[in-house]
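A, B, ... follow the sequence lines: proteins, then strands. Residue 1 opens every chain.
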2 protein chains.
Amino acid sequence: MTSLGTLYGLGLGPGDPDLMSVRADRLLRSATHVAFFRKAGRPGQARRIVEGLLPASAVEHAMEYPVTTEIAVDDPAYNETLSAFYAECAAHLRALSNDGHDVVVLCEGDPFFYGSFMHLYTRLVATHPVQVVPAITGMSGAWTVTGQPITWGDDVLTVLMGTLPEARLARHMADSDALVVMKIGRHLDKVRRALATAGRLDEAWLIEFATMPGQTVVKLAQHEGRVTPYFSIVVVHGQGRRP
Amino acid sequence: MTSLGTLYGLGLGPGDPDLMSVRADRLLRSATHVAFFRKAGRPGQARRIVEGLLPASAVEHAMEYPVTTEIAVDDPAYNETLSAFYAECAAHLRALSNDGHDVVVLCEGDPFFYGSFMHLYTRLVATHPVQVVPAITGMSGAWTVTGQPITWGDDVLTVLMGTLPEARLARHMADSDALVVMKIGRHLDKVRRALATAGRLDEAWLIEFATMPGQTVVKLAQHEGRVTPYFSIVVVHGQGRRP
């Protein structure tokens, strides 16, 4: 009887391949099956990070998101479409594991921190061997490239998604010392208004493509307001005790 | 004229050497000067993580914290003692850099995230070449070993220090989806009371020595209340949208 293969949720970190973990690097260089999410017709950000690292013999499994832009996020059909997609991906990985194959699933950032892999993890972990390899988060990459520490002493850090309602964003922004806002994309104007309401706009930085080619770091108040990538990150540094 | 050596704030991650970055591993294996903080008479946690990785020829510089347990944190003498210590360490690193030596400064976790290295960074960055290598945070290590994702969808994550006043802890605990509490140590009872006040105690996990020998993961409500290490971490997982 073939023993089950291990499914790895492999965190790749913020984008620079040099910042992935020694364990992730080793697993990639000996990988036989590699799976990754991507938008239809796009190379996929996670796949791009490992370019040149995979053995030529590795079998690649692209998991292409169903097009959901025509369905509103709060429409039940949105969740149903995504749920069916994740179920199908999980079934594919399960079949590979049943055949004894180890599979490395590429994850941007840290898999358990707002990652897509979690939707596979919950569908697989009860029946198949799954190992999660943590990684440097995108936000660590972002605050590092600002050249300023994010938190000092007993600063409170709050991590917010740009998808939240403006009033909730503003409330948390006013009540925290340091801030990280992720999933910005088309929510940039709302995030900017919430920061202004909370009196924090002048302290905010916008980081695009942290640690990657095309990286930009600007004060948010000076940003032109053009569309920013979904993976942009806003950072407000804490100002806590510093002997 | 000798050119200045580079001072690296080298993040080592949560503790397992296999989880440090490829860049950190490479810098360590070619290091000529290595500096690290430790308590007097102790090996030092950061130094322990790199055991076996440094070249035998590397010169080691232990930076020993002054004993401050007899001074209250809110006594101005506490800050003055620490400030003098950091100034002295920075002067030592500056002298090495002036002589053309690169120095790797070992940092547990991520250097810009509640790290001690920041106190050297601010004293050095204006005049000397300093590079910060981000790393997997201790909290990523902690939530990974719980085997459950920390945040989903648009969950709010708040990071709190156990050193904060109980009322402020409870307020943030009630107003956030996911929680991380660091710097627990002798503040464990206060943290537990604040979680109970916020109605979150039953969801809380206590992680000791995440990713290291001696690792423990327990529900906080079932913890015996014995003293826990300063670097213990409490985690409450978010329960956001999951298709």
Side-chain angles (χ1 to χ4, degrees), chain A residues 11 13-14 16-26 78-83 85-86 110-115 118-119 121-122 125 132-137 140-141 143-144 147-161 163-164 168 171-172 175-176 183 211 241-243, chain B residues 11 13-14 16-23 25-26 78-83 85-86 110-115 118-119 121-122 125 132-137 140-141 143-144 147-161 163-164 168 171-172 175-176 178 183 211 241-243:
Chain A
D16 182 340
D18 213 28
L19 293 178
M20 69 178 66
S21 69
V22 170
R23 183 179 301 166
D25 182 70
R26 187 174 61 240
Y78 180 91
N79 251 15
E80 282 163 27
T81 304
L82 270 184
S83 181
F85 167 64
Y86 289 130
D110 182 66
F112 273 173
F113 185 64
Y114 302 104
M118 306 184 313
H119 303 298
Y121 178 80
T122 54
V125 70
V132 173
V133 181
I136 300 176
T137 56
S140 274
W143 67 55
T144 300
Q148 291 177 54
I150 183 69
T151 44
W152 300 79
D154 54 12
D155 278 340
V156 173
L157 168 68
T158 304
V159 182
L160 301 165
M161 299 299 109
T163 46
L164 287 169
R168 186 157 189 221
R171 174 163 57 87
H172 282 289
D175 199 31
S176 188
K183 301 188 184 170
T211 84
R241 186 170 59 80
R242 48 191 78 188
Chain B
D16 182 340
D18 213 29
L19 293 177
M20 68 178 68
S21 70
V22 171
R23 183 178 301 164
D25 182 69
R26 188 174 59 242
Y78 180 91
N79 251 15
E80 281 162 31
T81 304
L82 270 183
S83 181
F85 167 64
Y86 289 130
D110 182 65
F112 273 174
F113 185 66
Y114 301 103
M118 310 186 309
H119 303 298
Y121 179 80
T122 54
V125 70
V132 173
V133 181
I136 300 176
T137 55
S140 276
W143 66 56
T144 299
Q148 292 177 55
I150 182 70
T151 45
W152 302 79
D154 54 12
D155 278 340
V156 173
L157 168 68
T158 304
V159 182
L160 301 165
M161 299 300 109
T163 45
L164 286 169
R168 186 158 188 220
R171 173 161 59 85
H172 282 289
D175 199 30
S176 189
K183 300 186 185 172
T211 85
R241 186 170 59 81
R242 48 192 77 187

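For A:F85, no part sits under 4.5 Å from any heavy atom of chain B, backbone or side chain. If you measure heavy-atom distances from A:D154 to chain B, the contacts under 4.5 Å come from both the backbone and the side chain. In this structure, the portions of B:D18 lying under 4.5 Å from any heavy atom of chain A include both its backbone and its side chain. Looking at A:Y86, only its side chain comes within 4.5 Å of chain B, counting heavy atoms on both sides. Only the side chain of B:D16 comes within contact range of chain A, with heavy atoms under 4.5 Å apart. Looking at A:E80, neither its backbone nor its side chain comes within 4.5 Å of chain B, counting heavy atoms on both sides. Neither the backbone nor the side chain of B:T211 has a heavy atom closer than 4.5 Å to any heavy atom of chain A. For B:L160, the part lying under 4.5 angstrom from a heavy atom of chain A is the side chain only. When heavy atoms are compared at a cutoff of 4.5 Å, B:Y114 approaches chain A by way of both its backbone and its side chain.
The heavy-atom pair separating B:M118 from A:P149 by the smallest distance is SD-CB, 3.0 Å. Contact between B:H172 and A:D175 at its shortest, heavy atoms only, is CE1-O, 3.0 Å. Closest approach of B:P134 and A:S140 over heavy atoms only: CB-O, 4.4 Å. Among all heavy-atom pairs drawn from A:W152 and B:T122, the shortest one is CH2-CG2, 3.4 Å. Scanning all heavy atoms of the two residues, the minimum distance from A:S21 to B:V22 falls at O-CG2, 4.0 Å. In this structure, A:I136 and B:A135 approach most closely via the heavy-atom pair CG1-C, 3.5 Å.
Among the candidates A:T163, A:V132, A:L164, A:D25, the residue making the largest number of heavy-atom pairs closer than 4.5 Å to chain B is A:L164. Ranked by heavy-atom pairs under 4.5 Å with chain B, the list A:S83, A:G147, A:S176 is led by A:G147. Here B:G153 is the residue among B:P17, B:G115, B:G153 with the most heavy-atom pairs under 4.5 Å with chain A. Taking A:T137, A:D155, A:V125 one by one and counting their heavy-atom pairs under 4.5 Å with chain B, the maximum is reached by A:D155. The choice from A:H119, A:R26, A:K183 that makes the most heavy-atom pairs within less than 4.5 Å of chain B is A:H119. Of all the listed residues (A:R171, A:M161, A:M20, A:R23), the one sharing the greatest number of non-hydrogen pairs under 4.5 Å with chain B is A:R23.
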